[in-house]
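Per chain, numbering begins at 1; letters A, B, ... match sequence-line order.
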Amino acid sequence: MSSQRSFEPCASEADIISTVEFNHTGELLATGDKGGRVVIFQREPESKNAPHSQGEYDVYSTFQSHEPEFDYLKSLEIEEKINKIKWLPQQNAAHSLLSTNDKTIKLWKITERDKRPEGYNLKDEEGKLKDLSTVTSLQVPVLKPMDLMVEVSPRRVFANGHTYHINSISVNSDCETYMSADDLRINLWHLAITDRSFNIVDIKPANMEDLTEVITASEFHPHHCNLFVYSSSKGSLRLCDMRAAALCDKHSKLFEEPEDPSNRSFFSEIISSVSDVKFSHSGRYMLTRDYLTVKVWDLNMEARPIETYQVHDYLRSKLCSLYENDCIFDKFECAWNGSDSVIMTGAYNNFFRMFDRNTKRDVTLEASRESSKPRAVLKPRRVCVGGKRRRDDISVDSLDFTKKILHTAWHPAENIIAIAATNNLYIFQDKVNSEMH
Amino acid sequence: MMLSKGLKRKREEEEEEKESLAVDAWWLDPGHPAVAQAPPAAASSSLFDLSVLKLHHSLRQSEPDLRHLVLVVNTLRRIQASMAPAAALPPVPSPPAASGVADNLLASSDAALSASMASLLEDLSHIEGLSQAPQPLADEGPPGRPTGGASPGLGALDLLGPATGCLLDDGFEGLFEDIDTSMYDSELWAPASEGLKPGPEDGPGKEEAPELDEAELDYLMDVLVGTQALERPPGPGR
């Protein structure tokens with residue numbers, strides 16, 4: 001896998017990338033950051049003239065999506081950090097995406113302008129009115145090419161739907177509705193209606209003292225517009241059918257793996273908390289990430305996952321320290337490749353991991369300036385846990401826990417991945433095997 | 001229920017879990033009748049203190065991370081349960097059952113802590129309840145209820161303004177009448193938060209004081225005073 005480019009804005013907290021998302025064709029890649037900005041990258045079309053810049057991503061547009069707000073009732077500042085971006089399927093020349101912070105979701109429309117009319121009868125080139133005595137004939141204005149201008153405009157603001165912090169948004173396959181989930185509730189919105197939403201899941205107990213579980217992530221099924229899944233802090237997944245009832249508090253299916261008694265500890269619940277859930281492209285499987293593993297679930301089997309992959313099992317003996325410094329609460333995302341044969345997730349020390357479901361092989365790679373000059377080939381890394389140590393191995397105790405790869409994305413069709421390492425974005429491309437296998 | 005002071009934990013016990021916490025805790029005094037009957041709980045008790053610290057730190061945030069809070073509370077309950085002797089521990093937050101000195105002491109400390117935790121969580125819901133005032137449909141209504149959104153007058157025009165949706169007319173002053181921040185105005189918090197990951201959400205919002213009675217407040221203060229002597233714990237990479 002070769003490194004293609006790294007984008008490094010100046011290091012400040014506002015630049016910390018908080019979400020990464022390819023659009024449905026993979027032509028565009030959107031990132032959101034802590035400062036409320038969205039940066040969209042576009043893949044350059046491959047050309048024979050410049051073979052080295054084939055398919056590289058360049059900045060396409062940057063805009064301020066959310067600003068810090070003040071909630072006067074609670075006397076609290078609402079962070080502008082972008083929690084999630086989701087692209088809408090493209091229906092015309094324009095692109096649209098949803099971006100959300102803790103409280104407010106916004107629909108943005110991205111359009112291109114690459115022509116402008118020239119040859120007005122009453123105005124000259126600069127727009128000044130012409131002296132009418134000089135106009136001797138009428139002409140029809142023609143569209144002439146101009147430098148590309150990308151215009152982004154907010155089309156909808158979906159506000160005041162959530163009391164708690166929004167953790168997920170997901171566009172329905174019907175392309176008309178989408179859902180947003182916070183810690184305790186999930187709302188269904190129509191893309192065209194901003195002044196109301198429909199509450200479809202509510203797990204808030206009558207007595208807050210009885211609160212023991214929160215919603216951590218949710219997603220619509222890619223094909224069945226009536227199905228969605230949400231995950232909880234206790235490690236369970238609930239598949240819900242919106243046709244069954246208006247309020248989907250009762251799940252259709254509950255996916256839960258019984259606790260392994262040999263691995264039981266005070267931290268069992270925390271490490272079982274699901275931080276991300278993603279349907280496979282086929283719609284047949286779900287991928288979940290908890291603190292130490294990624295799991296593949298078959299929708300037809302609720303009792304346990306069909307596959308479990310250890311991301312960094314060497315941390316199991318360090319859970320106490322990780323609890324102490326709060327790292328145990330880190331929320332890692334996970335991703336499928338286009339053919340659902342490989343899964344990917346991030347880890348610490350700027351490492352990320354890929355698991356091939358067919359060959360059962362896995363690899364650890366590092367996203368860092370030192371190890372990935374442009375067009376360099378990434379070298380697999382290894383964490384040693386005592387015993388024989390090879391030259392380039394990293395020992396568990398030297399891992400840098402401040403360098404966490406929480407957000408990753410995989411191109412929908414090709415072997416191109418986007419890795420967010422704090423405030424740096426890395427895009428890696430597998431040029432040798434660019435077709436799906 | 002007061003903690004007895006001046007009892008330090010043994011160094012060897014601390015090294016087992018790479019933390020150097022010195023805890024003034026009666027339950028570690030081998031001479032104490034409750035402890036004589038209890039199983040060794042060195043690891044549990046330092047985790048207990050750490051969890052209590054995290055709980056308070058979390059609740060101190062102007063807007064607590066609910067997931068973090070719930071996970072810490074659940075972990076604390078697990079630790080509590082493991083620290084109790086074999087006799088059944090009453091479920092939080094119901095009143096304690098008295099069945100022996102050990103049970104009594106543990107249970108009453110549980111009750112005080114449970115009551116504190118319960119009322120702190122309840123306050124959280126009151127604060128959340130306040131923010132729902134402009135949307136009366138948010139919590140009630142038939143299944144599949146619509147939730148109140150921005151009024152039609154806002155919508156696309158009010159794109160980047162504050163998303164409050166409603167302003168109170170006269171009752172604004174009354175909201176803050178009973179909020180007492182004196183509990184949080186002392187220096188106790190500074191050293192305690194050192195060992196924890198810095199929380200960027202430490203906003204300037206007003207603190208909400210939990211509704212504790214004096215005995216519970218004393219108990220909490222003692223726990224906090226007792227843990228003030230914490231040294232900075234080492235990070236996981238060492």
Side-chain angles (χ1 to χ4, degrees), chain A residues 13 67 69-79 103-104 106 154-161 163-165 183-184 187 194-200 204 207-209 211-214 216 233 245-247 266-267 269-270 273 318 320-327 329 397-401, chain B residues 17-19 47 50 62-63 65-68 70-71 74-75 78-79 82 93 118 121-122 124-125 127-128 130-135 138 143-152 154-156 158-160 162-165 167-168 195-197 200-201 203-206 233-238:
Chain A
E13 194 162 313
E67 299 273 8
E69 288 172 32
F70 197 73
D71 181 331
Y72 296 100
L73 271 178
K74 290 199 253 178
S75 207
L76 296 172
E77 190 162 286
I78 300 170
E79 260 187 62
K103 298 285 182 174
T104 304
K106 295 186 185 180
R155 304 301 274 212
R156 305 266 190 276
V157 178
F158 304 91
N160 299 320
T163 308
Y164 305 99
H165 290 177
D183 294 313
L184 298 179
N187 293 336
T194 59
D195 63 351
R196 78 193 87 105
S197 65
F198 212 61
N199 178 250
I200 53 176
K204 182 180 177 185
N207 230 331
M208 276 296 264
E209 301 166 14
L211 179 66
T212 58
E213 193 172 10
V214 299
T216 52
S233 54
L247 182 59
F266 290 131
F267 310 110
E269 184 179 318
I270 300 180
S273 174
K318 317 258 175 213
C320 203
S321 306
L322 296 165
Y323 176 65
E324 199 189 329
N325 65 15
D326 272 347
C327 281
F329 298 102
D397 297 318
S398 329
L399 291 175
D400 188 343
F401 289 85
Chain B
E17 42 184 12
K18 301 180 198 171
E19 290 165 15
L47 271 178
L50 179 61
S62 39
E63 206 170 8
D65 176 349
L66 217 53
R67 172 184 165 260
H68 186 272
V70 158
L71 289 174
N74 291 349
T75 305
R78 276 194 187 214
I79 299 168
S82 81
L121 282 174
E122 189 59 38
L124 199 66
S125 99
I127 300 298
E128 302 295 353
L130 284 173
S131 81
Q132 281 162 27
Q135 308 154 62
R145 54 231 166 213
T147 62
S151 63
L154 297 175
D158 185 17
L159 298 169
L160 297 173
T164 52
L167 294 170
L168 295 180
L196 302 172
K197 188 165 98 167
E201 302 92 326
K206 281 202 174 182
R238 291 184 250 144

Which atom names give the shortest non-hydrogen contact between L66(B) and D183(A), and what distance separates them? CB-OD2, 3.5 Å
Might you point out which heavy atoms bring I270(A) and T75(B) nearest each other, and give the distance in Å? CD1-OG1, 3.3 Å
Below 4.5 Å from any heavy atom of chain B, which atoms of F158(A) appear? Answer side chain, backbone, both or neither. neither
Please classify the contact between S233(A) and chain B as side chain, backbone, both or neither, with a heavy-atom cut-off of under 4.5 Å. both
Calculate, to the nearest 0.5 Å, the distance between atoms OH and CG belonging to Y323(A) and L71(B) respectively. 9.0 Å
When rounded to the nearest 0.5 Å, the distance separating CG of D326(A) from NE2 of H68(B) is 3.5 Å
Validation row: R67(B), T216(A) side chains within 4.5 angstrom (heavy atoms): yes
